[in-house]
Protein chains: 2
Amino acid sequence: MRTRSPSSSIVKSQSKALLHARLREHGLKLTHQRELIAELFLRQDHITVEDLYREVAKKDPSIGIITVYRTLKLLCQWELAQERHFGKGKTIYDNVAQKAHHDHLICTHCARIIEFENFQIEKFQEQVARDHEFHITFHKLELYGLCKACRRDDVRPSRRSEHA
Amino acid sequence: MRTRSPSSSIVKSQSKALLHARLREHGLKLTHQRELIAELFLRQDHITVEDLYREVAKKDPSIGIITVYRTLKLLCQWELAQERHFGKGKTIYDNVAQKAHHDHLICTHCARIIEFENFQIEKFQEQVARDHEFHITFHKLELYGLCKACRRDDVRPSRRSEHA
DNA sequence: TCGAAATTGAATTTAGATTTCAAAATGAGA
DNA sequence: TCTCATTTTGAAATCTAAATTCAATTTCGA
Ligand SMILES: [Mn+2]
Ligand SMILES: [Mn+2]
Ligand SMILES: [Zn+2]
Ligand SMILES: [Zn+2]
């Protein structure tokens with residue numbers, strides 16, 4: 001992980017300004033729903049619609065999950081978010097507002113997601129593409145397995161079940 | 001692509017023997033539905049349930065798509081098939097009966113899938129894992145872009161629409 | 001403040017996949 | 001070859017994530 005999310009109050013003011021700017025650019029309206037959803041989304045790294053909806057509902061239970069879907073779609077269009085499909089489950093939205101391209105290590109035991117980038121891998125990807133006269137526009141590299149914490153747990157099988 | 005599917009008649013007899021052996025091992029019954037579905041599946045590289053169902057229906061329209069789902073699930077359990085989720089669309093079933101691990105180049109224009117393997121990339125993946133004290137159990141590397149044919153077409157925009 | 005235009009939330013729909021269940025088939029043993 | 005317990009099948013129903021529809025509400029520039 002290269003970038004760390006800045007402190008909550010900075011995120012809050014920055015994300016509000018960012019959101020307002022993007023909305024104006026596109027002739028869209030600033031609603032309190034969009035404001036809250038974007039603020040909570042931009043405060044974290046990776047989240048599902050369901051989980052973000054739950055967070056949103058804590059602050060304003062009148063907001064519908066469908067508005068969460070729609071707001072995340074907007075954030076994707078503006079490249080503040082990116083859809084990810086790890087495993088076969090629900091879509092995970094990656095907060096890429098302060099991040100460059102990166103790939104992921106995904107723990108199949110506790111669902112932790114670790115970000116990384118490796119330029120050597122990317123160079124060999126280009127080599128593979130050249131060999132096949134292929135032109136890469138984007139790529140996904142996902143490494144699944146056990147994170148540091150879950151590897152430790154593995155030697156104590158009794159603790160396995162306390163993980164998601 | 002390292003392995004090429006052998007000629008149809010060899011595949012047919014081989015796949016029937018293979019299927020029969022696996023079914024016996026697991027105390028399951030050899031039905032003509034399973035025989036046809038497996039034979040047609042093992043004859044190609046990558047296919048969706050829908051497309052395989054269409055192939056099956058040409059030979060025996062009485063077979064239900066649900067049996068195609070169920071048979072592919074069996075083939076996956078026996079590691080003759082593997083589910084892949086390219087893009088966000090339907091599941092693609094990869095015929096891995098004669099293949100070792102490999103990754104994919106996916107053309108976003110014509111949907112062509114090219115298989116490759118690159119040991120240097122895999123080595124750097126292990127390096128990344130070591131850096132994060134992570135233990136990789138499996139991975140996915142997908143390179144999206146334009147294949148050789150579609151790059152050529154791109155300089156003649158009028159031909160674009162003839163592709164899927 | 002007004003009012004056109006955008007946005008919202010609930011209900012409905014879609015799409016892919018899974019589950020349920022009665023009828024049909026398979027195949028081991030007689 | 002016949003019997004019959006067990007497995008398998010196909011259709012329909014169900015499930016889940018996500019998209020669409022639409023009347024009511026909100027936003028924001030004039
Ligand atoms: Mn990420
Ligand atoms: Mn493949
Ligand atoms: Zn873990
Ligand atoms: Zn192509």
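The basis for the numbers below is simple: all heavy atoms, side chains too, and nothing from hydrogens, waters or symmetry mates. Chain naming here is simple, since letters A, B, ... match the order of the sequence lines and numbering starts at 1 in each.
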Practice task
Output yes when Glu126(A) and Lys123(A) qualify as a salt bridge under the 4.0 Å nitrogen-oxygen rule, no when they do not.
Solution key: no
Exercise for the section: Taking only Lys NZ, Arg NE, NH1 and NH2, and the carboxylate oxygens of Asp or Glu, determine whether Glu35(A) and Lys16(A) approach each other closer than 4.0 Å. Expected result: yes
Practice task
When you get a sec, tell me which of dA17(C), dT19(C), dA17(D) is the closest nucleotide to the side chain of Tyr69(B)?
Solution key: dA17(C)
Problem - Options dA17(D), dA10(C), dA17(C), nucleotide nearest the side-chain atoms of Glu50(A) - result: dA17(D)
Please report the distance, rounded to the nearest Å, between [atom1] in [X] and [atom2] in [N].
X: Ile65(A); N: dA19(D); atom1: CD1; atom2: P; result: 12 Å
X: Arg84(B); N: dA17(C); atom1: CZ; atom2: P; result: 16 Å
X: Asp51(A); N: dA17(D); atom1: CG; atom2: P; result: 11 Å
X: Leu74(B); N: dT9(D); atom1: CG; atom2: C1'; result: 13 Å
X: Asp60(B); N: dT9(D); atom1: CG; atom2: C1'; result: 12 Å
X: Glu35(A); N: dT27(D); atom1: CD; atom2: P; result: 10 Å
X: His26(B); N: dT8(D); atom1: NE2; atom2: P; result: 12 Å
X: His85(B); N: dG16(C); atom1: NE2; atom2: P; result: 14 Å

Please check if the number of heavy atoms outside [X] that lie under 6.0 Å from its [atom1] is greater than 12.
X: His46(B); atom1: NE2; answer: yes
X: Phe119(B); atom1: CZ; answer: no
X: Glu25(A); atom1: CD; answer: yes

Completion exercise
The contact string for nucleotides 21-30 of chain C, one letter per nucleotide 5' to 3', using protein heavy atoms under 4.0 Å with B, S and - for base, sugar-phosphate only and none, comes out as -----BS---
Completion exercise
Rounded to the nearest 0.5 Å, the CD1 atom of Ile106(B) sits from the CZ atom of Phe138(A) at a distance of 8.0 Å
Problem - By side-chain hydrogen bond (donor to acceptor under 3.5 Å, both in side chains) - contacts of Gln77(A) (at least two apart) - result: none
Exercise for the section: Select from Gly27(A) and Lys73(B) the residue whose nearest nucleotide in DNA chain C is closer to the 5' end of that strand. Expected result: Gly27(A)
